[in-house]
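Structure first, then comments.
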Amino acid sequence: MVKFPSRSLKEWTELAKKELQGKDVGSLVWTTPEGIEIQPLYTDKDLSNLEHLNTMPGIDPYLRGPKATMYSGRPWTIRQYSGFSTAKESNLFYKRNLKEGQMGLSVAFDLATHRGYDSDHPRVMGDVGMSGVAIDSVEDMKILFKGIPLDKMSVSMTMNGAVLPVLANFIVTAEEQGVSQAQLKGTIQNDILKEFMVRNTYIYPPTSSMRIVSDIIKYTTKKMPLFNSISISGYHMQEAGANNVQELAFTLADGLEYVKAATNSGLDIDVFAPRLSFFFAIGMNFFMEIAKLRAARWLWAKFIKKQFNPNNSKSLILRTHCQTSGVSLTQQDPYNNIVRTTVEAMAAILGGTQSLHTNAYDEAVALPTKFSARIARNTQLILKEETGMTKTVDPLGGSYYIEALTGRLIVAAESLINKIEAVGGMTKAVEKGIPKKMIEESAAKRQAAIDSSKQVVVGVNKYKFSSEKEFKILKVDNEKVRNQQIASLIELKKHRDKTEVEKALNRLTIGAKDNNSNLLELSILAARERATVGEISLALEKVFGRFSSSYTGVKGIYGRELSREENFIYVKNAIADYTKKLNKKPRLLIVKLGQDGHDRGANVVASAYKDLGFETKVGPLFQTPGEAAKLVKSFLPDVVGASSLAGGHLKLIPQMIDQIRANGNNNVLVIAGGVIPFEDYEKLEKFGVNAIFGPGTNIMDAARRVLGLIEQRPVKNK
């Protein structure tokens with residue numbers, strides 16, 4: 001046997017110093033967005049005093065995985081989060097995917113459904129069928145799952161705001177298939193706290209919403225033992241700009257809040273906790289994402305044991321679904337997204353996820369096509385079948401780097417969770433706006449890092465492709481879908497028993513006033529009578545009210561990060577010159593049209609423009625074109641920016657422009673930003689949009705262009 005001499009850290013440091021031509025090795029230390037310092041080398045010395053070492057998979061605290069054999073016994077579930085247009089169109093898409101290797105269904109609902117509106121409601125005219133499938137009633141749900149046996153298929157539904165009518169419709173659909181509630185397998189997201197932090201598809205205020213969460217946990221625990229009553233989601237937090245420590249801590253803090261709500265309502269921890277599940281985003285920081293999933297399992301077991309002391313060790317298990325990042329996808333050079341998704345999928349697998357959705361390369365601008373969805377699905381099949389990743393449990397366990405990073409994440413996230421607990425838990429923290437503010441600050445820092453090229457995004461701020469190649473995208477005819485849904489609603493109401501529907505809805509309204517009533521049970525009774533999603537939601541709204549929030553935003557973060565950047569200084573000085581010359585700052589109003597609640601882009605742009613010297617205002621979420629036009633009339637901006645992420649831009653933005661002009665504000669410039677396909681740019685420009693800024697736009701460059709547009713037209717609005 002050949003023996004190699006033992007080498008010391010000191011000897012390595014000397015060699016490294018020579019390679020660096022005399023520079024200190026410390027120059028190689030990288031500080032992550034989480035504030036964690038990453039060394040260029042890790043050794044066994046970095047593993048001393050790490051509490052989480054020497055654990056085994058399948059055994060408390062489950063850091064190395066919830067099952068002893070993990071993928072060597074059974075691979076993760078391959079899911080595809082999908083849904084668009086009508087229930088019929090989505091049903092055909094599901095059947096094709098299942099035939100080609102998908103193992104479970106993950107349903108995406110349109111924004112009208114998320115917000116508890118039927119398709120005929122005037123507030124949702126641009127949203128029906130656009131970013132998910134339109135579901136108005138049991139009849140739509142029956143079509144959605146036609147030919148798909150619900151006693152055999154695991155179904156995951158991403159639904160929070162309108163969770164009661166959607167879950168009720170699913171249960172009744174199964175009953176009419178001949179499938180009992182006890183046979184149903186799958187997950188309902190039912191995670192309302194994160195909606196108040198980031199995604200914003202809430203309906204009712206936080207306290208009333210937590211009552212709904214608790215009622216669903218109680219009902220499903222009793223009658224649906226195979227069904228997961230909640231999927232506690234950090235995914236949308238990372239998508240909104242949270243760093244990994246924030247995503248990890250806030251997600252687990254949400255979970256603890258739900259457990260408290262359930263136990264306070266009288267449920268035994270061991271009865272429902274084993275059915276809880278989680279949902280994390282997987283971004284491009286490969287090793288950090290692997291460590292995050294391992295740290296999550298350790299921390300969950302620790303907090304559950306400490307706070308609730310369960311008798312069943314399965315109550316300590318954190319099981320999770322993961323999805324590759326949507327924010328990491330770029331409109332520029334989009335085929336790079338296939339590589340990004342593959343890297344992220346590998347991180348999820350090496351971190352030990354229980355199920356996985358891989359995004360399609362075209363999702364930066366549209367819903368996936370049949371072609372792009374197949375590539376995304378095959379990414380998982382290749383990783384499962386061709387790489388050997390399923391042959392051993394926790395293959396990176398014992399890695400100096402992974403274990404050290406896992407330890408750092410545990411310490412940092414635990415500290416943040418304790419801070420949340422100290423203010424009274426996550427509901428109190430959400431009401432105070434603490435998590436939202438932290439996430440918005442993190443998002444502003446990340447945008448500044450990209451705009452300054454400190455964080456490289458290939459094809460966007462480095463190695464740019466010389467020409468943009470157009471590719472086919474999936475287009476949904478919103479007008480056609482909405483007309484079909486309205487026709488179905490008319491037909492439904494014609495044949496149902498109106499008296500029985502009204503009785504069921506009245507019982508639901510009365511039940512909302514009585515904490516001893518179970519709202520899911522009452523919603524199921526209403527769904528059986530063919531009460532619609534909108535009617536069930538409204539019956540509760542009569543008691544709970546409809547929640548609304550106002551934007552407060554962050555200031556100074558973007559500017560502080562870029563204060564020494566030449567481009568930032570140039571644009572800031574140009575805006576200062578304009579302000580001095582006209583004795584007024586250039587004014588920007590940002591509006592969110594339709595029911596899309598994703599406000600990361602709008603908020604980051606608003607805070608960045610403010611730091612550059614603009615006077616900025618962000619309008620309320622969920623505006624109609626008419627409401628946005630009224631805001632223009634009162635604020636009198638130089639520029640109104642419409643933020644679009646949900647595909648309604650070709651309908652809602654032109655309607656807003658018509659209303660603005662009808663109000664006499666002819667001098668206001670209109671710009672658009674967000675998820676808008678290149679092929680729609682010319683159409684929007686013909687409608688009167690002066691500039692369009694897609695994903696990956698450098699905010700400083702955009703601000704310079706906007707200032708130029710303002711200076712090129714006479715200022716009439718005083």
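Residue numbers run from 1 in the order of the sequence given. FYI, side chains are in, hydrogens and waters are out, and symmetry mates aren't considered; it's all heavy atoms of this structure.
- The backbone N or O of Thr320 lies less than 3.5 Å from a partner atom in the side chain of Gln354, making a donor-acceptor pair.
- A donor and an acceptor atom, one from each side chain of Thr427 and Glu257, are located under 3.5 Å apart.
- For the pair Asn228 (side chain) and Thr187 (backbone), a donor-acceptor distance under 3.5 Å is absent.
- Here the OG-CD1 distance, from Ser229 to Ile188, works out to 10.0 Å after rounding to the nearest 0.5 Å.
- Partners of Ala404 by side chain to side chain contact (heavy atoms under 4.5 Å, CB included), not counting sequence neighbours, listed by chain and number: Tyr42, Asp46.
- The main-chain N or O of Asn160 is never found under 3.5 Å from a side-chain atom of Asn190 such that the two would form a donor-acceptor pair.
- Scanning all heavy atoms of the two residues, the minimum distance from Ala242 to Ser442 falls at C-OG, 3.9 Å.
- Here the side chain of Glu441 pairs no donor or acceptor atom with the backbone of Met438 at under 3.5 angstrom.
- Taken from OG1 in Thr342 to CD1 in Ile375, the straight-line distance is 10.0 Å, to the nearest 0.5 Å.
- Counting non-hydrogen atoms of other residues, nucleotides and ligands closer than 6.0 Å to CG of Asn49 gives a total of 12 or fewer.
- The CG atom of Leu248 lies 10.5 Å from the CD atom of Glu414; values are rounded to the nearest 0.5 Å.
- Checking side-chain atoms of Lys185 against main-chain N and O of Asp151 turns up a donor-acceptor pair under 3.5 Å.
- At a cut-off of 3.5 Å, with distance as the only test, no side-chain donor of Arg340 or Ser328 sits close to an acceptor on the other residue.
- Not counting sequence neighbours, Lys218 has no partner by the side-chain hydrogen bond (donor to acceptor under 3.5 Å, both in side chains) test.
- To the nearest 0.5 Å, the span separating CG on Leu299 from CG on Leu318 amounts to 9.5 Å.
- Side-chain atoms of Asn359 and Thr341 form no donor-acceptor pair, as typed in the model, at a separation below 3.5 Å.
- Take Glu37 and apply the side chain to side chain contact (heavy atoms under 4.5 Å, CB included) test, not counting sequence neighbours, and it matches Val29, Thr31.
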Side chain to side chain contact (heavy atoms under 4.5 Å, CB included) between Phe303 and Asn418: does it pass, once the steps are laid out? CA-CA 10 Å; Phe303 275 96; Asn418 287 333; 3.7 Å; yes
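- Taking the salt bridge (Lys or Arg N to Asp or Glu O under 4.0 Å) definition, one finds that Arg211 meets it with Asp215, sequence neighbours left out.
- The shortest heavy-atom contact between Met237 and Ser233 is CE-O, 3.5 Å.
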Mind running side chain to side chain contact (heavy atoms under 4.5 Å, CB included) on Arg294 and Leu396 for me, showing each step along the way? CA-CA 11 Å; Arg294 302 172 90 247; Leu396 292 183; over 6 Å; no
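- When Asn518, Ile171, Asn169, Leu164 are each tested for a side chain to side chain contact (heavy atoms under 4.5 Å, CB included) with Ile524, only one passes: Ile171.
- In this structure, the salt bridge (Lys or Arg N to Asp or Glu O under 4.0 Å) partners of Lys436, at least two apart in sequence or on a different chain, are Glu440, Asp599.
- Evaluation of the ring-ring contact (aromatic ring centres under 6.0 Å, His included) rule for Tyr400 yields no partner, not counting sequence neighbours.
- Evaluation of the ring-ring contact (aromatic ring centres under 6.0 Å, His included) rule for Phe278 yields Trp300 as partners, not counting sequence neighbours.
- Qualifying ring-ring contact (aromatic ring centres under 6.0 Å, His included) partners for Trp298, counting only residues two or more places apart in sequence or in other chains: none.
- For the salt bridge (Lys or Arg N to Asp or Glu O under 4.0 Å) condition, the pairs that include at least one residue of residues 238-251, sequence neighbours left out, are Glu247-Lys292.
- Atom CZ of Arg79 sits about 12.0 Å away from atom NE2 of His357, to the nearest 0.5 Å.
- Asn244 and Glu34 are linked by a side-chain donor-acceptor pair at a separation below 3.5 angstrom, with hydrogens and angles left out of the test.
- Using cut-offs of 30° and 60° for the angle between ring planes, the His321 and Phe279 rings count as tilted.
- Nearest heavy-atom pair, Ala249 versus Ile417, reported as atom, atom and distance to 0.1 Å: O-CG1, 3.6 Å.
- The CG atom of Leu41 sits 10.5 Å away from atom CG of Leu28, with the distance rounded to the nearest 0.5 Å.
- A donor-acceptor distance shorter than 3.5 angstrom exists from the side chain of Ser399 to the backbone of Ile402, with no hydrogens or angles considered.
- Partners of Glu363 by salt bridge (Lys or Arg N to Asp or Glu O under 4.0 Å), not counting sequence neighbours: none found.
- Side-chain atoms of Gln189 do not come within 3.5 Å of backbone N or O of Ser231 as any donor-acceptor pair.
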If you apply the rule side chain to side chain contact (heavy atoms under 4.5 Å, CB included), what do you find for Ile216 with Ile230, and how did you get there? CA-CA 8 Å; Ile216 290 172; Ile230 191 167; over 6 Å; no
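- The salt bridge (Lys or Arg N to Asp or Glu O under 4.0 Å) test applied to Arg199 returns Glu195, not counting sequence neighbours.
- Side-chain N or O atoms of Arg275 include one that pairs as donor or acceptor with a backbone N or O of Leu226 at under 3.5 Å.
- Using modelled atom types, one side-chain atom of Ser209 and one backbone atom of Pro205 make a donor-acceptor pair closer than 3.5 Å.
- One N or O on the side chain of Asn337 and one on the backbone of Thr330 form a donor-acceptor pair closer than 3.5 Å.
- For the ring-ring contact (aromatic ring centres under 6.0 Å, His included) test, residues two or more places apart in sequence or in another chain that qualify with Tyr204 are Phe544.
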